[in-house]
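Only a predicted model underlies this, so the values are computations on that prediction, with no experimental measurement involved. Chain letters run A, B, ... following the sequence lines, proteins first, then strands; residues in each count from 1.
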Amino acid sequence: MRYRYSSQKQYIMEYSPRDIEQKWKSIWEQKQTYRTENGGSRPKYYILDMFPYPSGAGLHVGHPLGYIASDIFARYKRLKGFNVLHPMGYDSFGLPAEQYAIQTGIHPAIATHENIDRYRSQLENLGFSFDWSREVRTSSPEYYRWTQWIFQQLFKHYFDKEAGKALPIDTLVQRLASEGNARIQAACEENTPLISASDWNAMSEREQQLFLLNYRLTFPEESYVNWCPAMGTVLSNDEVKDGLSERGGHPVERKLMAQWSMRITAYADRLIDGLEEIDWPLSLKEQQRNWIGRSQGASVKFPLENGDKQIEVFTTRVDTIYGVTFMVLAPEHEWVDELTTDAHREEINAYRTWTASRSEVERMAEVKKVTGAFTGAYCVNPFNGAKVPIYIADYVLAGYGTGAVMAVPSGDQRDWNFATHFQLPIIPILDAQQDMDKGADPTKEGRYINSGIINGMSYEEAVPALIQWLEERGLGKGKVQYRLRNAVFSRQRYWGEPVPAYWKDDVPYLVDENELPLVLPDVDKYLPTETGEPPLGRAENWKYQGKYEYELSTMPGWAGSSWYWYRYMDPHNEKGFVSKEAVDYWQDVDLYVGGSEHAVGHLLYSRFWNHFLYDLGLVPKREYAKKLINQGMIQGVIEFIYLIKPEDGDDSRTFVSADLLGNYPGKEFALIPVHVDFVKDYGRDESHLDAAGIEQFKEWRPDFKAAAFVTNDKGQLLTKSEVGKMSKRYFNVVNPDDVVARYGADCFRIYEMFLGPIEQAKPWNTNSISGVSRFLNNFWRLFFRDGKWLVNDETPTKEELKVLHTAIKKVSEDVERFSFNTCVAAFMVAGNDLNKLQCHKRAILEPLLVMMAPFAVHLTEELWEHLGHTGSIHHADWPELDEQWLVEDEITYPISVNGKLRLAVPFPASAQPAELEKAALEMEGVQRWLEGKPVRKVIVVPGRMINIVV
RNA sequence: GCCGAAGUGGCGGAAUGGUAGACGCGCACGACUCAAAAUCGUGUACCAAUGGUGUGUGGGUUCGAGUCCCACCUUCGGUACCA
């Protein structure tokens with residue numbers, strides 16, 4: 001490489017990404033080029049990336065996709081004159097560091113610190129414009145102090161339904177003391193007893209505290225949790241997939257444990273309604289709506305035939321109540337024992353034992369199978385006094401509604417299946433119902449029959465009539481039911497935020513606010529204690545004020561990520577989680593970029609916390625992120641080769657090319673993953689190991705050194721290719737550092753954008769990266785050729801200006817709609833055109849350079865310096881579009897006959913439709929197609945096309 | 001099953017209802033070279049080829065449909081006995 005030294009500046013004359021990128025990385029750091037201030041006259045713009053968990057594996061090429069997109073947009077907004085906040089940090093509490101600690105004894109803080117350093121250097125390698133002075137780490141005490149503080153606020157508040165928001169628990173205490181809770185409408189536990197003021201006042205301090213737990217927004221309770229014995233921890237519903245843990249795939253069982261819980265259900269309605277306000281992907285909003293699962297219906301009480309108890313059910317189809325022919329309880333329903341008659345006790349107990357023994361996975365697999373048992377008991381339909389037999393069956397879930405359903409076989413397929421199986425009657429209730437013998441008909445059309453007080457009515461008339469009837473008699477009411485459960489907030493783990501509470505007389509109290517953070521204590525081992533308590537139980541002398549037991553569970557992964565965007569606004573504040581000035585200035589996130597896999601986890605919990613903080617007047621917006629875009633996953637290609645499964649005692653190993661498996665009938669094959677680097681044309685049907693690849697494989701897996709390889713007639717061992725996760729175990733992880741070392745960071749950034757639309761998932765390959773690399777080299781050569789500076793100050797031609805302004809228009813529009821792949825194409829077009837025109841004019845190249853600055857961040861900065869600028873190109877102004885250069889003198893009109901394109905003819909741009917029509921009809925090329933038929937109609941769209949109809 | 005998204009060359013992908021396949025890869029040919037690589041240039045949807053056919057399939061709306069409407073098929077993502 002050649003340098004020219006002058007006034008201590010280093011000029012680089014040839015496109016050498018490594019030198020250019022090194023140079024500017026250090027200059028930007030030195031000059032704090034990306035430092036952001038709170039305030040100023042420019043409008044604010046906040047661009048947030050979902051922060052990563054710093055895993056030991058480091059970044060792979062999939063991670064930066066969203067970061068590159070957001071960085072481009074951040075830089076674009078800066079050039080457009082915005083004060084942009086674009087920070088990065090780490091979600092640094094989590095299980096992998098703890099597993100590592102269990103294995104090695106190394107404190108998770110140390111391993112986490114190392115991982116963060118690695119992430120940081122990988123991120124810096126990619127030229128991001130993060131303001132690193134604002135970095136946050138959820139595992140640092142300065143940060144989790146405020147996570148704990150927010151937790152305490154949740155404990156100190158309850159949700160008042162009349163006010164529609166969270167209010168201090170003191171307000172509730174005052175009302176309880178003066179009027180009891182009969183008129184208090186608040187989000188609370190289902191079974192909260194009704195008490196009078198005197199009841200309350202007669203309670204002891206301890207009883208009052210226990211009573212208040214029914215209302216607090218976070219509270220400990222005995223509840224069934226997803227317990228994962230292999231991991232020794234509790235998982236939330238969204239961390240469990242098909243009865244297995246999402247991480248690691250370990251079995252999960254239901255277990256009753258004392259757990260902290262978050263009353264997110266209090267915000268269910270607001271979380272649904274808030275979706276209207278935000279510009280998030282439709283599918284993501286839909287997922288949140290489904291997860292919350294709001295259903296409008298009614299609760300109805302069915303009195304028991306014997307005794308004065310009533311079974312309460314929830315139904316969304318109260319209009320079908322005259323079609324009820326039986327009742328089904330969940331096998332776990334608490335009344336089952338009591339209801340069961342002696343004649344049926346054996347059968348019921350057998351059924352319950354059987355259902356309890358079945359794993360979640362088995363249950364899911366056998367959904368179609370009808371099972372159940374009759375209790376021998378009956379209840380009474382309140383509307384017509386009909387005797388209704390009570391069954392138990394595992395298609396009714398204990399966790400939803402009341403754990404009991406009124407079964408209407410004529411309208412509900414599951415009930416129909418059950419009724420058919422147990423030969424129970426099926427009563428049609430609408431005259432529009434059909435084919436009752438083949439299945440249920442859930443229609444709401446028609447008029448009711450066999451239906452007492454609603455006979456002859458329509459659906460719309462029947463529902464209010466029935467609800468009124470129920471309410472008048474105290475037998476039911478209109479009700480809204482949610483699928484959403486309160487969120488379990490405890491983890492029996494070490495590496496998380498300690499819950500800032502202690503226990504006195506089995507009642508939880510908060511650690512004094514001034515004593516926060518409650519720092520994670522050291523322990524000798526990161527395992528549960530001998531008595532089964534969480535690891536924190538091992539901490540020596542760890543007691544509040546030396547005498548009270550601290551809460552020993554820690555917070556879940558989503559705690560720290562539920563408010564972090566505020567910390568970036570004011571990262572070093574010691575008086576609050578964010579100052580009022582900072583949050584008043586930055587307000588909310590304008591653009592949030594991250595993966596759609598967080599749709600019902602992080603993105604729902606964080607909205608919940610934000611609504612709560614809003615209620616307390618601590619933040620200005622109900623919804624914290626105006627717009628959200630999902631970046632698609634970059635997947636890996638997984639390559640396998642086929643190994644014949646050896647017989648017992650057979651030591652030979654034979655691999656067979658995928659196209660030759662048919663030659664081995666009756667043999668079974670094992671799929672052995674191969675390092676993708678050995679595979680030619682990986683990710684395709686023709687992917688294979690050639691002779692060299694087979695050698696590489698043998699060297700890599702010495703245990704197969706003696707194996708035989710049966711190749712096809714081309715000498716290839718064809719592989720099986722799959723698209724899947726990038727993961728160590730598939731040997732397909734591509735580290736961005738390697739790509740950067742070969743092509744440079746600018747090329748890597750542009751290539752990832754060029755792969756396709758940002759939200760689309762795609763497998764990683766480097767097939768066309770050479771095209772991007774070539775483009776950057778060609779672009780450089782518009783400025784330098786063979787070390788010679790070519791840029792001149794000549795006046796540009798009209799044609800050159802048209803090239804420039806076409807690019808300005810296209811890129812400006814496409815960046816705004818996050819279509820970065822077409823921006824890259826537009827740059828390539830401009831580069832190619834200018835190359836053909838041999839244009840090296842400053843007036844053209846300089847604006848183009850500015851537009852490319854968000855993409856090729858280093859290269860453009862270097863050329864900007866060569867152009868004589870002293871400031872950074874990243875503080876320049878986005879070029880203005882001047883439409884006059886886009887006006888054409890001549891327009892080529894496609895001429896169609898009957899919609900079929902026949903020819904394309906240039907006309908002056910000023911030609912009027914009538915002239916065009918006349919000229920077109922006279923053309924020989926057109927006449928040929930008219931074949932003398934009469935012209936019915938001519939459509940002329942000025943500037944677009946001409947269509948002749950005959 | 002339900003909800004959502006998407007189906008376009010050999011491949012990644014472009015196209016406010018108006019010339020389908022921009023841009024890139026790959027491929028072919030050519031230049032440079034003793035040769036190869038790299039680089040540069042030209043071409044590249046398909047076919048029985050003055051023409052015809054083409055955006056998952058079948059219909060429809062329109063002068064005109066990849067784009068809008070209806071039905072279906074396939075793929076991907078989410079969810080799953082939610083009463």
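Evaluation of the salt bridge (Lys or Arg N to Asp or Glu O under 4.0 Å) rule for A:E759 yields no partner, not counting sequence neighbours. Scored by the salt bridge (Lys or Arg N to Asp or Glu O under 4.0 Å) test, A:R817 finds A:D814 as partners (sequence neighbours excluded). Residues passing the side-chain hydrogen bond (donor to acceptor under 3.5 Å, both in side chains) test with A:K285: none are found, sequence neighbours excluded. Contacts of A:R294 classified as salt bridge (Lys or Arg N to Asp or Glu O under 4.0 Å), with partners at least two apart in sequence or in another chain: A:D269. A:F827 meets the ring-ring contact (aromatic ring centres under 6.0 Å, His included) test with A:F855; sequence neighbours excluded. Here A:E597 pairs with nothing under the salt bridge (Lys or Arg N to Asp or Glu O under 4.0 Å) rule; sequence neighbours left out.
Atom CZ of A:R18 has 12 or fewer neighbouring heavy atoms from other residues, nucleotides or ligands inside a 6.0 Å radius. Within 6.0 Å of CE in A:M753 there are more than 12 heavy atoms belonging to other residues, nucleotides or ligands.
If A:S283 and A:V772 are placed on RNA chain B by their nearest nucleotide, the residue sitting closer to the 5' end is A:S283. Take the nearest nucleotide of RNA chain B for A:G401 and for A:Q635: the residue whose nucleotide is more 5' is A:Q635.
Residue A:R483 has no polar side-chain atom (N or O) positioned under 4.0 Å from OP1 or OP2 of B:A83.
Comparing the same atom, C1', in B:A14 and in B:U55 gives a spacing of 12 Å after rounding to whole Å. Comparing the C1' positions of B:A45 and B:U8 gives an interatomic distance of 10 Å, to the nearest angstrom. Here, B:G9 and B:U50 have their C1' atoms 25 Å apart, quoted to the whole Å. As rounded to the nearest Å, B:G13 and B:C25 have C1' atoms that lie 11 Å from one another. Comparing B:A48 with B:G4, their P atoms are spaced 44 Å from each other, to the whole Å. Using C1' as the reference atom, B:U67 and B:C82 are 38 Å apart when rounded to the nearest Å. When the P atom is compared between B:C47 and B:G64, the two are found 30 Å apart, to the nearest whole Å. Taking atom P in both B:U42 and B:G24, one finds a spacing of 11 Å when rounded to whole Å.
Taking atom CZ of residue A:R936 and atom C1' of nucleotide B:U62, one finds them 13 Å apart after rounding to whole Å. Look at CZ on A:R294: it is 13 Å from P on B:A83, rounded to the nearest Å. Regarding A:Q296, its CD atom lies at a distance of 12 Å from the P atom of B:A83, rounded to whole Å. In this entry the distance linking CD1 of A:I758 with C1' of B:A5 reads 17 Å, nearest Å. Regarding A:D319, its CG atom lies at a distance of 14 Å from the P atom of B:A83, rounded to whole Å. Atom CG of A:L604 is separated from atom C1' of B:U79 by 15 Å (rounded to the nearest Å). A:R289 places its CZ atom 17 Å from the P atom of B:U79, with the value rounded to the nearest Å. Straight-line distance from the CD atom of A:E759 to the C1' atom of B:G13: 13 Å, rounded to whole Å.
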Between the protein and nucleotides 37-43 of chain B, which nitrogen or oxygen pairs are less than 3.5 angstrom apart?
| residue | atom | partner | partner atom | Å |
| --- | --- | --- | --- | --- |
| B:C40 | OP1 | A:N778 | OD1 | 3.2 |

N/O to N/O distances under 3.5 Å, protein versus nucleotides 51-54 of chain B:
| residue | atom | partner | partner atom | Å |
| --- | --- | --- | --- | --- |
| B:G51 | OP1 | A:R928 | NH2 | 3.0 |
| B:G52 | OP2 | A:R902 | NH1 | 3.3 |

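Here A:S295 lies in heavy-atom contact (under 4.0 Å) with sugar-phosphate atoms only.
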*Quick one, give me the B/S/- string for nucleotides 14-23 of chain B, reading 5' to 3', where B means a protein heavy atom under 4.0 Å from the base and S means that only happens at the primed atoms, P, OP1 or OP2.*
SSB-BB--BB
Let me check something: any side-chain donor-acceptor pairs from residues 943-950 of chain A under 3.5 Å, sequence neighbours excluded? List them with distances.
| residue | atom | partner | partner atom | Å |
| --- | --- | --- | --- | --- |
| A:N947 | OD1 | A:G899 | N | 3.1 |

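Using modelled atom types and a 3.5 Å distance limit, the side chains of A:T822 and A:S819 yield a donor-acceptor pair. Judged by distance alone, the side chains of A:Y351 and A:T371 do bring a donor and an acceptor atom under 3.5 Å apart. For the 3.5 Å distance criterion, the side chains of A:Y400 and A:S295 qualify, holding a donor opposite an acceptor.
Summarising the geometry, atom CE belonging to A:M851 is positioned 5.0 Å from atom CD1 belonging to A:I808; distances are rounded to the nearest 0.5 Å.
Counting only residues at least two apart or in different chains, salt bridge (charged side-chain N to carboxylate O under 4.0 Å, His left out) contacts with residues 310-321 of chain A comprise A:R317-A:D319.
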*asked:* What verdict does the side-chain hydrogen bond (donor to acceptor under 3.5 Å, both in side chains) test give for A:R781 and A:N778, after you've listed the backbone C-alpha separation in whole Å, the side-chain angles of each residue and the deciding distance to 0.1 Å?
replied: CA-CA 5 Å; A:R781 280 203 287 275; A:N778 289 341; 2.9 Å; yes
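Residues A:W354 and A:D394 share a closest heavy-atom pair of CZ3-OD2, 4.5 Å.
For B:G9, the base is syn relative to its sugar; the glycosidic angle is within 90° of 0.
Among the nucleotides B:A83, B:U79, B:C25, the one closest to the side chain of A:S768 is B:C25.
Where RNA chain B pairs in unbroken runs of 3 or more (Watson-Crick or G-U, both distances under 3.5 Å), the stems are B:1-7 with B:73-79, B:10-12 with B:23-25, B:26-31 with B:39-44, B:45-47 with B:51-53, B:56-60 with B:68-72.
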